[in-house]
Structure formats: structure tokens, C-alpha cells
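Remarks on the structure that follows.
Reminder, nothing fancy here: chain letters follow the sequence lines and each chain counts from 1. Keep in mind it's a predicted model, so treat the numbers as computed, not measured.
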Amino acid sequence: MTSPADIAAAAPQRLGKGRQRQARISGAVLLGLAALVALVFAQDVAGEATFRLSRPTDPLALPDLVVPALPFSYAAAAVLAFLGVRQFLRGGVRWTSLSLGFGLFLAVAAFLVWATAGKSFSLTGMLQATVVRAVPIALGGLAGVLSERVAVVNIAIEGMLLAGAFTGALIGSLMGGLGGLAAAVAIGGLFGFILAALVVTYRVDQIIAGVVINLFVLGVTSYVSSQVYQEYRFLNNAPVFRPVKIPFLGDLPVVGPVLFNQNVFVYGAIVMVAVATYYLFYTRMGLRARSVGEHPRAADTLGINVYRTRYVNVTIAGMVAGFGGAWFTLGSVGRFDEGMTGGRGYIGLAAMIFGRWHPVGALMAALVFGFADAMQQKLALLNTPIPSEFLAMSPYIATIIVVAGLIGRSRPPAADGQPYAKE
Amino acid sequence: MNIELRGITKRFGSLVANRDVNMDIRAGQVLGLLGENGAGKSTLMNVLCGLYRPNEGQILIDGKPVAFDGPGDAIAAGIGMVHQHFMLIPVFTVAENVVLGVEPTGPLDHLDLKKAREQVREINDTYGLEVDPDALIETLPVGIQQRVEIIKVLFRSAEVVIFDEPTAVLTPQEVEDFFKIVRGLRDDGKAIVFITHKLNEIIEIADRISVLRGGEIVGGGDPSEMTEAELAEMMVGRPVSFAVDKTPARPGEPLLEVRDLVVLRDNDDIAVNHVSMTIHRGEVVGIAGVQGNGQTPLVEALTGLRQVAGGEVRFKGEDITHAGARKRHQLGFAHIPEDRQRTGLVPAFSIAENMVLDCYYDDRFSRGPNMLWKVVNETAARNAAEFDVRAPSVFEAVRKLSGGNQQKVIVARELSRDTEMLIAAQPTRGLDVGSIEYIHGRIMHARDEGDGVLIVSSELDEILALSDRILVMFEGRIVAEFDGATAEKSKVGLAMAGAVA
Ligand SMILES: Nc1ncnc2c1ncn2[C@@H]1O[C@H](COP(=O)(O)OP(=O)(O)OP(=O)(O)O)[C@@H](O)[C@H]1O
Ligand SMILES: [Mg+2]
């Protein structure tokens, strides 16, 4: 029969079909983008796009970035086409992720140049808005990561955000901003604890328990804001946390205003993401928490208290969401409006999934969503012919492409959503 | 450390899994624990390791009564268990799994993985285990996973080590290595409990034997004074025949023809490398091979669970290379999968539901969107009785059955149907001698009815006992073929190790 030498020779041979297909798909996407840029953005544009990077009053002012629109569009289209064609050639497989990422960046840039042509537009302002708008989504996503890592599906994040927003405004009006913030965190933690009790101890279906909390919070807060606040306006008039400039770093051009001249919620979100990453992946408690999410029975046989771990983590997740909720009131307008979270909690869950159940991933995904939000808002000022709703959609589509093409299949914690019974 | 169990009774609802069990576990000895499927072995050991709380009875350690509030207490008392279904976290590394629960830490609760790795290596060296501390569990073959379980127990400096069917998933070579480890532990003065269904193993390694039946101790003694036949009778309550009743095969026309089959693993490595074979009606073809040489992907490809990358599969002349699992099922394929908990069963479903998992859409069991539960339950009850599935009723969740009874549910589902082609991977894994006898009988019966049968097993004895033809698989290829009637165990073993016949 076959000799061992034959077998040895055949063994390392790889076919790599799946990856080749992925490379082809990315190639097609890139070519599609090239066509879009060449046929849409390069038509009827003229003049120059002026991007303002800093205000003239800034200590370290950068000159404006002036881009000639037509040449830029053609150049972008050419690069995109080149990258796309490369995907179909040998060796394209190796650069798939990088090409797709760069290609999407180019397409977005070409779009902005097209929209701005002949006008001027503050790039720094938009990035700053991106970060601000990403905050509640990132915190919602982080809360999702913390609870799903111990296998509790947390649909209740929306309700926790709303409860945080409401409580922040109410207590903030009475006791000042810090008091409001503390109360928001506490109420989030309370709902986290209630969710844990429902799903861990009473084994209520996790989705249903979450929906119950969401409806409860929506009902109570809507009632109070429409009935009570009409008469007692002073109950809904909280102070707002102003941006705090970090000395020196805050003066840097572009990154200064974007990252170092923000309010406590932006700093808080960044710190929390860092702490959560450290906690989940570098500490003893984090290892135990993840083991409970992956294989609770195995954790149990090693003397890890599955129930307590779930209680603690879901409660902390609630506190994070409560903090994120306060952003809506204490972080921006100081006033609570009915249903003002507008589904950010669910978008946070999407950010969690796109971020592969990792705090940093969730933050990055939240920034993409925040960018979408900010772009929609700012482009309305530029009077582009495209309806702003449609503009708002495009980054989400981009996200889906990125997730499908760059990240590949992501895998939730193995025991996600399953209750644990001891015997 | 010596342990005494006194009058342990454990009930699950109305079911008594252990009744008034007394048992001594002594330092420096291997206690062999035998019993048929569902006798209550795992339950008793779960009581001892703190996972279940007994309804009655006491555990004494060196004469002093103890009460465990959970597995943590038992671990602290020095009791460690390697469970029947491994308790490892697939996405963690070896080192992370080993230290979980007793992690070395630095300031700020920082996990000291460097130290964990060193500690794993130390145990590796002391006991001659070779495991890479940085490997992800899900990438390791079961034999190595089991070593990780052993390292876990040793790492917690257990004085009492319980092995629940540790050899069910091991190859003969791995069993040898495992026994070396067990002897080393015993000579170190540790008390060991060893559960198995393989009587030759227990006679080889145990210093004392206890036999459970129906939750009660029914006998025991010194293995040097007992024969396999006596032990089997004590377990099952009737004499058991070990030899398979095999009439010479009368192979008919070709049934399943495989040409140049290429199958890839998830990471695109070649798993099955241009394999060709033909299975005829009325013959049993056995595939022997050390685990991880492509048998699993081969079976998955033949049953429609994995995409075929190249080559062709024909069934009765029809091309079914890319047919789905249901199509094959309707053509008369039966499949006993290798990993019962992952592919064969829905653990949270009842026995009845699992019994019709493959044919619920059939006219017998449903009308339009309605399930005919009465028929389903009756059929399930009949099959369960025929295949001796021990459970309170067919409404019991499969998750709650003993390991062997879970396996019997799958076998009952697949063999009770009118089939033409049976593909069975490790069909008797974890079954007691009585059940093995019965299932081997059913497989031979299927063959004599004119079915083609493909058996994949790492159990060489099983392959030799059942097969009319033996193919040896090595690194994704068929490297040797033997006639079932004349094959010598040693020669097949050599071919399995890669020495070409
Ligand atoms: N969690 C549970 N809930 C209800 N019944 C259970 C549970 N665990 C085990 N049983 C029942 O207890 C009995 C003993 O099961 P056990 O797992 O101890 O058997 P075993 O001797 O280990 O068998 P095997 O050799 O098949 O592994 C079985 O009838 C089983 O159905
Ligand atoms: Mg068992």
C-alpha cells in the first residue's frame, strides 16, 4: 500500500478553501466600493474640501486640511480597485483583513470629501461628537460583556440605562450632580441584583426576565415624567457635568479635544473598559467568572460558587449600565424625557456581539456606532442631497461588512443563557 | 488517608440511586468499583466529592465524621475526582484549567500564569506526564485531556483520587500509560477509586473490588481470586457471554462506495486524505486507528455532517457526496455518533423526544404541525424496554440518565429503525458487559439482514470481534487492510502505529 514517505509528503498540504472564499468576498466588496466612489462621488464634484482640525484660538493650532475633491476621489477609487483586484490574485489571502479595513476607511474618507466639497467642515468636532455619543453604547456593551461572561443574557440593559437616566436626573435635581451619579449607579446595581435573583435563583427565562425589567422601568419613568414632572419641574432640573480639560494633554491638537477635554462619563467609560479588561482576563476573579460562563458544572466541581459569581457580576453590570444611563441626563441635558434612551441598550448589546464579548471590542464597536450617529448629525449641516436617514444607515452596513469580513465568526460564552441547576 | 462511607443513601425524587451503601477506601490501595449502567457508581462518587449531598449516611475521614457543603470542602479535605464527562473548560489553556479555583496570585488579584505554568511543569516531571501548559483544551485529544484532569487533581494535592470510567475514551497505548500513573499514585500512598466496565482492567489494577447493582453493594472481594465471568455475573445478575456470535459473512452487492474522498478539518488541514473503500451488503467493515487520525471527520463526511472537499460517495449507485443528513437518513443510514453529549442527544429533552429526534416528521409521529405524542411515547417506551434503558419513565430528561444509559438511548433510536447502512463510532463506549453483549448481537443481526455496517472504534478488541474486514487508518489514509477472520491483534496494532503492513 502507501509508503510512509508519501503520507509525510501529503500531510502539510493545505487547501484553505474557506479563507480563499473570504478573500474573494472582500475583493468583491472592495471593487464595489471603488465603483461607488468613481461613479457617484467623483461625479459633479468640484472645488476643495476643507477640514478644520483646530480652532484658531487653540494654543497649538494646526492648519486646515484642504483636499482637492476630484483628484482625491479618483485616487481613492484607483486604490480601492487595486486592492480589490489584488484579492483575486495569489497572495491576496494574506492581506484580506488589512485591505478591507483600509478600503473601508478610504471609502468613508471619499464620502466625506464629496459631501464637504466646496465647503468647510470641522473634523475634530465630529470625532469629539463620535466619542461622546459612543459612551452610552460602550457602557451598555460593557454591562452586556460583564453579565454574558457569566452566562446571563442581559436584555435588561435598556431598562437599566433608562433607570439610571431617570434616577440621575431626579436625585441630581435634589442633591447635586455627584449625588445623582451615585444614585444612578445604585439603581442600576439594584436592577442587576433583581435580574440575578430572577434568573439565577428562580430560573426565570433570561429574556423574559429582562423584558419584564425593561417594561417596568419604561412604565414607571414615563408615568412619573408625564404626570409628576409637569407640576414639580424642580424635580427634573439637574446640573450637568461639564467637560474637564486635562492639563497639557488637552491642548494637543485633534486628540486633545477628542479625548482629553471631555466630561466624567467619557473618562469613566474608558477607565471602566480598562478595569473590566484587567478584571476579566488578568485576575483570579475574572478567570473564575469566565469559567462560570463557559462550563458552570466544571466550575462547581472545583468549589467555585456559581450562583454567587453570577449575582456579583450581574449586579456590577447593572451598576455600569446605571452609570451609562446617567449620561443621558447628567452628561448632556440635565432633564429626563420619556423613553430617552431610545434603544441604546440594545445597540450596546450589538456592540458586545460585534466586539466579541470583549470590553475593548465592545468599545471599538460602540465608536463605530457613535461615528454613525455623529456623522448623521453633522452632515445635516452640510446639506448633502442624500436623506440623512440613509446616511445614518451606511456605517451600520459597513459594520456588518467589517464583522463578516474581518472578524469572522465570533463565539459567545458556551453556557450563555442557560440556567444552572446543581443536581 | 482512609475513608469510610457509612449507610449512604441518595435519592433523586422517587428514584433511589444509592441505598445504604457501606464502603472502605484505604490509602495505598486501588479500589475497583463495578456495576452495570445506572447502578449508581457515579452518584456515589459525586456524593463523596461533595457535588451531591446524601439523604442519609455519613462520610468518615480517618474515623472522624465530615460533612461537605460543596465540592470546595471535599477538595480541601483532600478528595479529588476525575469525572466521567470531563470537567474542563474548552477555551481555557491547560494551565488555566489546572489552577482554576486555587490560582496563584500576585498583588491586585493578578493571576500569576507564569507560576501556574511552572507548577504544571513540575507535576509533569514528577509523574512523567507530558502536557503543554499553554495548549488550549479544545485542541487536545481526549487522552491528553484526561491527563489534564489528573494534573488538576494532583495539583490540589489530593490524597484520595476517584477515577470515573477513565479508560472508556483511551486507546490501548494510552491505557498502559494511564495504569503507570495510577500505580505511581498508589505507591505514593494515595487512596484510589477506579470505576470501569472493562473487567480485564479491573483485575489487572485493583487491590479490592466492590460491585454495585441497583444502588446497593452486592458483593466484592480480592481480584486475584475472581474471574471475569464471576464478576460479570455479579454485576448483571446473570451469566454473560463475551464472545460475539459471528457466522461467516455473506457479502452481497456493493452498498456504499467511497472514491478518493478528501475531507478537511475546521482549520482547513487535511483530515481524510484520498480514501477509497467499498462496503458491501451483509458485511461489517471495521476501521481501526488511534484517535485523531481522521476517523471522526470521515464518519462526519459519510453521514452528511461535514462538507466533502473532494472525491465521491455513492450509495446503491446514487451519488450522495453532497447530500444532507436527512436525505441520507431517509435512504436508510443509521448513525451512532462518537460524542453522545454533543452530537447524539439533546440532553435537556426527554427520552421520548430524543428517540424521535431523527424522524419526528415521519407520518407515524406527526400530522402536519401536530406531534402524535401518544405514538411517540409508546414507541419510545417499547424501544427503551427492548434496549434496556434504565430510567423511571420515558419522560425523564436524558441529561439525568447515567452515562451508559444515555448511550443506549442513541443506540435504541438508531437500531430500532429499518436501516440499510449502519455507521457506528464507538458504539459501546461506556456500556456495561451485559449491554455490550446485547448491542453486539444487534449489530450482527443487522448485518445478517443484509445491512452494510461500518464500525469505527479505538477499542481494538471490539473491532476484531465484530469485523469481517478491518481497515487501518493512519494520518488520514487507509494504510492497511486485514481479513476479519484471520487478523492478528499485534499486526493490526502495528499498522495503527504507522508501521506499514
Ligand atoms: N441528576 C440526576 N437527577 C435524576 N436522576 C439521576 C441524576 N443523576 C443520576 N440519576 C439516576 O441515578 C441512577 C444512577 O446513575 P449513575 O450515573 O450513578 O449510574 P452509573 O453507575 O454511574 O452508570 P454508568 O455506568 O452508565 O455511568 C440512574 O438511574 C440515573 O438515571
Ligand atoms: Mg457513571
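Looking at A:Ile304, the atoms closer than 4.5 Å to chain B (heavy atoms on both sides) all sit in the side chain, from C-beta outward. In this structure, the portion of B:Phe92 lying under 4.5 Å from any heavy atom of chain A is its side chain and not its backbone. Only the backbone of B:Leu88 comes within contact range of chain A, with heavy atoms under 4.5 Å apart. The contact between B:Leu100 and chain A is made by backbone and side chain atoms together, counting heavy-atom distances below 4.5 Å. B:Phe86 touches chain A through its backbone: at least one of N, CA, C or O sits under 4.5 Å from a heavy atom, while the side chain does not. Only the side chain of A:Tyr278 comes within contact range of chain B, judged by heavy atoms closer than 4.5 Å.
Checking side-chain atoms of A:Gln206 against main-chain N and O of A:Val153 turns up a donor-acceptor pair under 3.5 Å. No donor-acceptor pair closer than 3.5 Å links the side chain of B:Asp164 to the backbone N or O of B:His83. Between the side chain of B:Asp73 and the main chain of B:Asp69, a donor-acceptor pair closer than 3.5 Å is present.
The closest side-chain donor-acceptor pair between B:Thr278 and B:Arg259 falls under 3.5 angstrom. In this model, a donor atom of one side chain and an acceptor atom of the other lie less than 3.5 Å apart for A:Asn313 and A:Tyr279.
Most heavy-atom pairs under 4.5 Å with chain A, from the set B:Gly72, B:Gly80, B:Pro71: that is B:Pro71. Among B:Leu113, B:Asp112, B:Thr105, the residue making the largest number of heavy-atom pairs under 4.5 Å with chain A is B:Thr105. In terms of non-hydrogen atom pairs under 4.5 Å with chain A, the most contact-rich of B:Arg156, B:His85, B:Lys400 is B:Arg156.
Screening A:Val306, A:Thr309, A:Val200 against A:Val150 for a side chain to side chain contact (heavy atoms under 4.5 Å, CB included) leaves a single residue, A:Thr309.
Counting heavy atoms from C-beta outward, B:Phe68 and B:Leu51 have side chains that stay 4.5 Å or more apart.
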